[in-house]
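Okay, handing you the structure first.
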There are 2 protein chains.
Amino acid sequence: MTPSPEQPARPAAAEPRRRSSARSTPTIYDVARAAGVASSTVSRAFSRPDRVNAETAARIRAVAADLGYRTNPLARALPTGQTSMIALATADITNPYYFELIRGAQAAAAERGYTTLLADAQESVAIEREGLERVIPTVEGIVLASTRMSDSAIRMLAKQRPVIAVNRDISDVPNVVTDHAMSMRQAVDHLADLGHRQITYLSGPEAAWANGMRWRSLRLYAGERGIHVRRIGPYAPTAGGGARAAADFPAVRSSAVIAYNDLVAIGFMRRLISFGARIPGDVSVVGFDNIFTSALTSPELTTVAPPLRTLGSMAVHNLLALIGGASPTTVRPLALPTRIYVRASTAAPATRRRSWRDAPAPREPATTRGNRLPSSG
Amino acid sequence: MTPSPEQPARPAAAEPRRRSSARSTPTIYDVARAAGVASSTVSRAFSRPDRVNAETAARIRAVAADLGYRTNPLARALPTGQTSMIALATADITNPYYFELIRGAQAAAAERGYTTLLADAQESVAIEREGLERVIPTVEGIVLASTRMSDSAIRMLAKQRPVIAVNRDISDVPNVVTDHAMSMRQAVDHLADLGHRQITYLSGPEAAWANGMRWRSLRLYAGERGIHVRRIGPYAPTAGGGARAAADFPAVRSSAVIAYNDLVAIGFMRRLISFGARIPGDVSVVGFDNIFTSALTSPELTTVAPPLRTLGSMAVHNLLALIGGASPTTVRPLALPTRIYVRASTAAPATRRRSWRDAPAPREPATTRGNRLPSSG
DNA sequence: TTGAAAGCGCTAACAG
DNA sequence: CTGTTAGCGCTTTCAA
């Protein structure tokens, strides 16, 4: 049992027998050998440079550089669980509303060394589930940018990985949201300042959280300013929905309209114009979202812009905080401020109130003011 | 040295000492123990079911299921190098042009069990490089959906990972492209059939490959149909560029205009209308790309739609073939067919040719025909 | 068909 | 500050 003295000690096996530095990408072992240090030192030189002698670190980096060594994130992820990846789930990547949000999230993630996995649901709950399912083991956290999932499904998800919801309020799930109250106040103030006394709200989907918020805020602020409000709808949150709203629109009643979103506003304007109405001559129109297209319509649409980019970056920022160990309660929900872009679809109401339905008149060329594009927001 | 008979054999060390099945997610070892098999058998049951007895496999899957076991893609990636991830690099995720392409790529990847990493360059070459750099070690291949990189940089990249370029022709790098010739032929045929005899081309960036293709094809097909062509520009590929083109536009010369892309066409129309021109009364306008907005302008824009979705899915399809070992030469470049959407911005030329600059007239309400949205393409 | 054992490339105690 | 030594969870020869 006891080895005889002259018996050679077990071969030191200093560094375990690794595959020779064949071709393929160099590893820390290759660098270690070339630099004459232990592999763990190389590892430290890259992952915690402060734990290594400055000179040694420099030498290692030099050797690594000319060997073309690059840390392998996968190999690093295995022992640490830190994949440096987060997922961004959207219900529909095709929806113009989300571009800036995605970009804001992307940029914030990249800045912190995180890579973004895109999980597009393509409008299907099943695809969303499946996509998330596949992605979960790989990511450290998830931003739910828009989702069709139920509250309970989201809570479930939040048990497996840190989750931040965007523009959705679910108890126990931290989120970042737009300041819907402020956005409506901006719309109302603008119209009121112009002299409008009645406003019609083109309602969006009843299930949409934002829709309820908008209507409630509208009543509140309009009331404060002595403005009469009414609501028609609900309509689909699309240009088609807006067109239907135009057909329903009681022209004599309101000199101003606030639509659930830009798409509805645009569809509404187009249809109304085809009926012979003048905008903003007969009716002023305000939308929400400031989608790219809203600066390209005739007339250009006055709209309230959500802080999309900020929404995206804040979501990621908070998510990374969560991942870093912050408690969900610490990550306070934050309502981000909006901004109104005044363009050509709003003006003072006509002094003589008569319906455009009585006497359709030719339109005037679109005027241009404040035609800022979304990207400058 | 030779162990005495009664000496116990080295402890079997059957399965190496792993951390007890503490909390956290179950591993193949947990499943193996619960199912009474070796960990390697569990591994096989999931990665190559055909190499395992059907019953055993079934039992293992059952045990795994109720343990809640799920294969860990990261752990699998380490020994095999198969991460099941591909990267999709875009120069600007905010560009409406790419939505459907991204979605097509995403869907194709998901279908084959691949996850898509989004690398948005945010218009910066530096960010693009850096993003790609970070992502390379993690992905099995890359789709370059739009990129600012130089040809040589791309060839470099292609040495590290399989690469498919979209709408870009680089020797030695397989690609998928739109059939630019066909798309221009569709535009010319449409205008010719309407009776136009002269066409003005609003040129895009000179560096853009598509721009050269379009102009060349235009000359070719217009020639075949006896149509006179001229070109003005170059202009930025934006609505602003189109507006500048409108200022330059020699109204008397052409009854029809083909723009480099939809954005240019839209900017052109708006500015021309503000000058008092009627579209399509005075000038017919055709764009390229069929971006979302083109169905929402007044008048709605006639445009030639690239097969974006197909472009995306084909790119991924070919990329996976490459990853699967297909030789680059096998993956033949393919020019995908386009489709023209005839809307309200084109009509037969006015019988009496006079310049709208002489006598601006009030516009008519937009007509509606073929106002299909991009998503239905 | 199944089991044992050696890694994939990197991190992380624990000594020294 | 640096080297040694176990693994992270899975795949994969090689034997049995």
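Just so it is clear: chains get the letters A, B, ... in the order the sequence lines come, proteins before strands, and each one is counted from 1.
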query = Counting side-chain heavy atoms from CB outward, which of C/dT2, D/dC8, D/dT2 is closest to A/V52?
reply =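 Of C/dT2, D/dC8, D/dT2, D/dT2 is nearest to the side chain of A/V52.
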
- Query: Starting at the 5' end of DNA chain D and moving along, which residue's nearest nucleotide shows up first, B/R76 or A/D50?
  - Reply: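 First, find each residue's nearest nucleotide; the 5'-ward one identifies A/D50.
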
Test side-chain hydrogen bond (donor to acceptor under 3.5 Å, both in side chains), reference A/R168, set A/T147, A/N175, A/D151, output is A/D151

Exercise for the section: Check every atom of C/dT1, C/dC10, D/dT2 against the side chain of A/Y69 and return the nucleotide holding the closest atom. Expected result: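 Given the options C/dT1, C/dC10, D/dT2, the side chain of A/Y69 is closest to C/dC10.
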
Among D/dC10, C/dT2, C/dG9, the one nearest any side-chain atom of A/A75 is C/dG9

Subject >> Test item: A/R103 side-chain N/O and A/R309 main-chain N/O as donor-acceptor pair under 3.5 Å >> reply: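 Looks like no, no N/O pair under 3.5 Å.
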
Within the supplied structure, the quantity of interest is the number of heavy atoms (other residues, nucleotides, ligands) at a distance under 6.0 Å from A/R129 CZ; does it exceed 12?
no

Checking B/N167, B/L157, B/V166 against B/L144 for side chain to side chain contact (heavy atoms under 4.5 Å, CB included), the one that qualifies is B/L157

When rounded to whole Å, the CD to P distance for the pair A/E55 and D/dT2 reads 9 Å

I'd like a list of close polar pairs between nucleotides 12-16 of chain D and the protein, N/O only, cut-off under 3.5 Å.
residue	atom	partner	partner atom	Å
D/dT12	OP2	B/R48	NH1	3.3
D/dT13	O4	B/R44	NH2	3.4

From CG of A/L78 across to P of C/dT11 the rounded distance in Å is 11 Å

Closest of C/dT2, C/dC8, C/dC10 to the A/I28 side chain is C/dC10

Exercise for review: Report the distance from atom CD1 of A/I60 to atom C1' of D/dG3, rounded to the nearest whole Å.
Suggested key: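 One finds 12 Å between C1' of D/dG3 and CD1 of A/I60, rounded.
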
Margin query: Suppose we call a contact any N or O donor and acceptor under 3.5 Å apart; does that hold for the side chain of B/Y29 and the base of D/dC8?
Written below: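 In this structure, the two groups form no donor-acceptor pair.
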
Ranking B/A57 and A/L74 by the position along DNA chain C of their nearest nucleotide, the one closer to 5' is B/A57

Check: Nearest to the side chain of A/T27 - D/dC1, D/dG9, C/dC10?
Finding: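 Of the options given, the side chain of A/T27 lies nearest C/dC10.
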
Might you work through the side chain to side chain contact (heavy atoms under 4.5 Å, CB included) test for A/I164 and A/M314, ending with a clear yes or no? CA-CA 10 Å; A/I164 296 278; A/M314 276 306 247; over 6 Å; no

Give a yes or no on this: more than 12 heavy atoms of other residues, nucleotides or ligands lie within 6.0 Å of atom CZ of B/R59.
yes

- prompt: Considering the options A/L319, A/L322, A/I142, which one meets the side chain to side chain contact (heavy atoms under 4.5 Å, CB included) requirement together with A/V163?
  reply: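 Among A/L319, A/L322, A/I142, the one that satisfies the side chain to side chain contact (heavy atoms under 4.5 Å, CB included) with A/V163 is A/I142.
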
